[in-house]
Structure formats: C-alpha cells, structure tokens
Amino acid sequence: MEEHSLEALMQASLIFVVAVAIIVSNLLIIITYLNFRGPSEVINYYLLSLASADLLCGVLVVPLSVYPALVRRWVYGDIVCRLVGYLEVTLWAVSVYTFMWISVDRYLAIRKPLRYETVQTKTRCQCWMVFTWISVAMMCCPPLLGFNKPIFDREAFICMLDWGNMAAYTITLSILVLGPSVITIVYTYSYIFSTMRRLKSGALVHDKEYATALSENLSNPSHIMSFVLVMTFWISWAPFAGLRIYAVVNGPPQVPFLNFAVVWLGVTNSFWKAVVLSTLSPQFRLAVRVLCLTICCRHRRLPPELLGLDDDD
C-alpha cells in the first residue's frame, strides 16, 4: 500500500472539501432558482449561468486534482490534462463575460428605469447567455486542438495549458475577454453609485414618473449584491494574477505552498456566490425558503402570498 505524507493528505483533503463545497453550493443555487415560481428578476438568468459554470468546474475540474495531490504527479494522461486546461479557461471566461452582462443589466435598470422591462426581456437575456457560452467555447478551443502541450502544475496539482508557447494568441484572448469586461464593469458601476450619491444628495429630477421609477430601481438590493459578487471574483483571483506577473518579471518566488494557496484561493470563488446571495439577496432567501417548504410539504399547495403573488394570480 502506497504511503502518503501528511502534507499530501492535507492538500488532497483541502481540494476535496473545495470540490464538495463548490458542487453543493451551486446545486443549491440552480435548484433554488429553477424551483421558484414567484416574480423573478432577469438577473437570475445570469446567476444561473454563473452557477452552471462553477458547477461544471466543481464536477469536471477540481476533483481530478485530489488524487494527483496525493501521489504528486498527473495520472490521467495528456488528453485529459488538455481537456481540463481547456475547461478551466472556458469556464473562467464565461464567468468574466457573465459579470459584464450583469453589470450592463444593473446599468440599464438605472439608466432607463421606465423602459428596463422592455429592453431587458428574459428571452433576450437567455440569448445573450447562449451566445456567450458558444462564443467562449470557440475562442478558447485552439490550444485544445494540439497547438501546445498541457502543463501539470506540481505545486498546485492542477493541469493548465501552456499559454507561454502561444504568446500572440494568449495576448489576443486576454484582450478580448478582459478588455470589454473590465471597462464595462468599471463604467457601469461607477454610473450606478454616482447616481445613488446624487439622488441621496437631493439632486432634482424634473420628471416625476422617471424619478419614482429611478428611486424604486435604486432601492433594489441586487445592485449591491451583484457588485459584491463581481468584487469577490476579482479579489479571489488577484493574488494568482499578481504572482504570475511577479514570476514573469523576477522569476518564481521560493515560498512553500504560495502557488498552491493562490491557485486554490481563486478556485474557491466558485462557492462564495451562495454566501453572498444568502446574505444580500432577499429574493434568494425567499426562494430557498420556498424550496425547503416544497420539499417538506410535497402534497400541499404553497400559499400565494409566500411567492409574492396576489390571490387572483
């Protein structure tokens, strides 16, 4: 029987716990929103897209690092390693683009409060999500086709694509994914928070109907909730990006467990959404309550007032 060091057991156990947390939390989000039949916001479709991407990461990527962390080598072959690297980049890019669409959705709710429901329809949002998944899957596929060899990170125990051998493609993909996303997120949330500040300071809005709709939209907790989700994502991955930049300039730092820590800190972002939603989204808490009652009272019809519906609905 092969013996494993305490260090290997601890790292493998941590990766296993992360995988379970990601799967459970995102399954909860998906089932909760799919089960909810009350009035829902368009942003929920974007949250379902994020949860789906993170669930795939928790099912197809993270568990494959548990055994390699024990034996200190990749045991599943180059093809699986290449697929894992492709999925990592694809799912990460889907998340980045989805955060961009969320910021646009929140911006339109403030910028066009009277026309928001006609501009941001459920069908249109679903089409944007389908387009995002298909386009990202196509943009990230060249390394999958054999243009470079995958790399097994022996410190983080995860397979990655060797983007250094495809510098031009890597730079182009980074610009296409990060460029519009970061610019859009910064602009939209700057506008949202500046509008909140102006309204609180008593800035006059001459159109009474517009002012009423704007005030109602600004009171929606989804603005703060979505902003916290975006910041949690970037804060989780910032140490990884900083370490990669430092390694390019000065060489890899000789600090034990540092690379392992920053890689898996970024991956843990995949289960923080459930915590953020539970804390900052009243609708999600209501939907969880409805889910619990649905499971406990399968043969009983839930009262309409629990779903936020009138008796006539």
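Small disclaimer: the values here were computed from a predicted structure and weren't measured.
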### Asn259/Arg154 under side chain to side chain donor-acceptor pair (under 3.5 Å): CA gap, chis, key distance, verdict
CA-CA 10 Å; Asn259 189 55; Arg154 297 182 179 276; over 6 Å; no

### Query
Do you know the tightest heavy-atom contact between Ser181 and Tyr97?
OG-CD2, 3.7 Å

## Note on the structure
dist Leu243:CG -> Phe240:CZ (nearest 0.5 Å) comes out at 8.0 Å

### Query
Is there a side-chain contact between Phe271 and Ile23 (heavy atoms, below 4.5 Å)?
no

### Message
Does Glu7 form a salt bridge (Lys or Arg N to Asp or Glu O under 4.0 Å) with Arg72? I'd like the steps, not just the answer.
### Response
CA-CA 11 Å; Glu7 174 186 313; Arg72 288 346 208 198; 2.9 Å; yes

### Side-chain donor/acceptor of Arg106 to backbone N/O of His223, under 3.5 Å
no

### Query
Thr188 side chain to Ile185 main-chain N or O, any donor-acceptor pair under 3.5 Å?
yes

### Query
Has the side chain of Ser103 got a donor or acceptor atom that lies under 3.5 Å from a matching backbone atom of Met100?
yes

### Query
When clusters are formed by joining ILVMFWY residues with side-chain heavy atoms under 4.5 Å apart, either directly or through shared neighbours, do Met10 and Val17 land in the same one?
no

### Task
Check the hydrophobic clustering (I, L, V, M, F, W, Y; side-chain heavy atoms under 4.5 Å; chains of links allowed) and say if Phe260 and Leu258 are grouped together.
yes

### Task
Would you indicate whether the side-chain heavy atoms of Cys57 and Leu87 approach each other to under 4.5 Å?
no

## Note on the structure
Of all heavy-atom pairs linking Ser236 and Thr232, the shortest is OG-O, 2.7 Å

### Linked, directly or transitively: Tyr67 and Val80 (ILVMFWY side chains, under 4.5 Å)
yes

### Query
Heavy-atom distance under 4.5 Å between the side chains of Glu88 and Ile158, does that happen here?
yes

### Query
side-chain contact (heavy atoms from CB on, under 4.5 Å) between Tyr189 and Ser226: does it pass, once the steps are laid out?
CA-CA 10 Å; Tyr189 281 106; Ser226 62; 2.8 Å; yes

### Hydrophobic cluster identity match, Ile43 and Val275, side-chain contacts under 4.5 Å
yes

### Query
How many angstroms lie between atom CD of Gln11 and atom CG of Leu6, to the nearest 0.5 angstrom?
10.0 Å

### CZ (Phe16) with more than 12 external heavy atoms under 6.0 Å
no

### Message
Using modelled atom types and a 3.5 Å cut-off, is there a donor and acceptor pairing between side-chain atoms of Asn35 and backbone atoms of Ile31?
### Response
no

### Donor-acceptor under 3.5 Å (Ser194 side chain, Tyr191 main chain)
yes

### Query
What's the shortest heavy-atom distance between Phe99 and Val230, and which atoms?
CD2-CG2, 3.5 Å

### Task
Might you confirm whether atom CZ of Arg115 has over 12 heavy atoms from other residues, nucleotides or ligands at distances under 6.0 Å?
no

### Close side-chain approach of Arg244 and Val248, heavy atoms under 4.5 Å
no

### Query
Would you say the ring centroid of Tyr187 lies under 6.0 angstrom from that of Tyr107?
yes

### Query
Can you name the nearest heavy-atom pair linking Ser281 to Met225, along with the distance?
CB-CG, 4.3 Å

### Message
Just checking Gln126: does its CD atom have more than 12 heavy atoms from other residues, nucleotides or ligands closer to it than 6.0 angstrom?
### Response
yes

### Query
Looking at Asn26 and Ser270, what are the two nearest heavy atoms and their distance?
ND2-O, 2.8 Å

### Message
I want to check something: taking the side chain as every heavy atom from C-beta on, are Val96 and Trp234 in contact at a cut-off of under 4.5 Å?
### Response
yes

### Query
Can the ring centres of Phe227 and Phe193 be said to be less than 6.0 Å apart?
yes

### Task
Using the six-membered ring wherever Trp is involved, compare the ring planes of Phe152 and Trp74 and label them parallel, tilted or perpendicular (cut-offs 30° and 60°).
tilted

### Task
Determine whether Leu178 and Leu229 fall in the same hydrophobic cluster, where Ile, Leu, Val, Met, Phe, Trp and Tyr are linked whenever their side-chain heavy atoms lie under 4.5 Å apart.
yes

### Query
So, do Phe284 and Val276 sit near enough that their side-chain heavy atoms are less than 4.5 Å apart?
no

### Message
Between Trp133 and Ser49, is there a side-chain donor-acceptor contact under 3.5 Å, judged purely by atom types and distance?
### Response
yes

#### Entry: Rounded distance (nearest 0.5 Å) linking atom CG of Leu27 with atom CG of Leu55
5.0 Å

### Leu108 CG to Tyr116 OH distance, which is reported to the nearest 0.5 Å
7.5 Å

### Query
Between atom CG of Asp78 and atom CD1 of Ile151, what is the distance when rounded to the nearest 0.5 Å?
11.5 Å

### Task
May I ask you to check whether Trp101 and Thr132 show a side-chain donor-acceptor distance below 3.5 Å?
yes

### Message
Atom CH2 of residue position Trp264 - does it have more than 12 heavy atoms of other residues, nucleotides or ligands inside 6.0 Å?
### Response
yes

### Message
Set out, in order, the CA-CA distance, both residues' side-chain angles and the distance that settles side-chain contact (heavy atoms from CB on, under 4.5 Å) for Ile22 and Val267, then state yes or no.
### Response
CA-CA 9 Å; Ile22 291 174; Val267 175; 3.9 Å; yes

#### Entry: Exam field: side chain Tyr86 to backbone Ala137, donor-acceptor pair closer than 3.5 Å
yes

### Summary
Here the gap from Ser135 atom OG to Trp128 atom CH2, rounded to the nearest 0.5 Å, amounts to 9.5 Å

### Query
Okay, side chain of Asp153, backbone of Met160: is any donor-acceptor separation there less than 3.5 Å?
no

### Task
Grab the two heavy atoms, one from Ala93 and one from Val136, that are nearest each other, plus how far apart they are.
CB-CG1, 3.6 Å

### Task
Could you give me the CA-CA distance, side-chain angles and deciding distance for Ile102 and Leu50, then say whether side-chain contact (heavy atoms from CB on, under 4.5 Å) is met?
CA-CA 10 Å; Ile102 289 176; Leu50 284 174; 3.8 Å; yes

#### Entry: Contact check, side chains of Leu91 and Leu60, non-hydrogen atoms, under 4.5 Å
no

### Task
Any chance you could lay out the side-chain contact (heavy atoms from CB on, under 4.5 Å) test for Thr268 and Leu265, step after step, and finish with the verdict?
CA-CA 5 Å; Thr268 56; Leu265 175 63; 4.0 Å; yes

### Message
I'd like to check Arg124 versus Cys127 (side-chain heavy atoms, cut-off strictly below 4.5 Å). Are they in contact?
### Response
no

